[in-house]
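Take a look at the structure set out below.
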Amino acid sequence: MATIRARTRKDGTIGYTAMIRITRGGVIVHQENRTFDKKKLAEVWARKRESLLDDPRELEKVQHRGITCLLYTS
């Protein structure tokens, strides 16, 4: 389940940060957050993102994003 937090930005406006944390066996396997100008947008994004990450294949994809493989040739 996502958490939505209101926070005050430097310029005084309010931003809403949606935080998603997925745990398996008491261990955090994935965590991400995103900030929006409106609370409703944060709620909608969190709901969609959580439903997408319910698929194990999609969760595996995001866990490996950014990992590169270096091949050494002689």
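Small disclaimer: the values here were computed from a predicted structure and weren't measured.
Ile14 and Arg9 make their closest contact through O-NH1, 4.0 Å (heavy atoms, listed as atom of the first residue, atom of the second, distance). The two residues Ala46 and Ala2 have their closest heavy-atom pair at CB-CB, 3.5 Å. Minimum interatomic distance between Asn33 and Thr17 (heavy atoms only, all atoms of both residues): CB-CG2, 4.0 Å.
Atom CE of Met19 is separated from atom OG1 of Thr35 by 9.0 Å, given to the nearest 0.5 angstrom. Between Arg7 atom CZ and Thr13 atom OG1 the span is 9.0 Å, to the nearest 0.5 Å. Here the CG atom belonging to Leu41 is positioned 10.5 Å from the CD1 atom belonging to Ile4, to the nearest 0.5 angstrom.
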From CA spacing to verdict: salt bridge (Lys or Arg N to Asp or Glu O under 4.0 Å), Lys61, Glu58: CA-CA 5 Å; Lys61 262 196 256 182; Glu58 188 64 33; 3.5 Å; yes

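Just one of Lys39, Lys40, Arg34, Glu43 meets the side-chain contact (heavy atoms from CB on, under 4.5 Å) condition when paired with Tyr16; it is Lys39. For the side-chain hydrogen bond (donor to acceptor under 3.5 Å, both in side chains) test with Arg21, the passing option among Gln31, Glu32, His30 is Gln31; the others fail.
The closest side-chain heavy-atom distance from Ile20 to Trp45 is below 4.5 Å.
Grouping the Ile, Leu, Val, Met, Phe, Trp and Tyr side chains by contacts below 4.5 angstrom, directly or via other members, places Leu52 apart from Val62.
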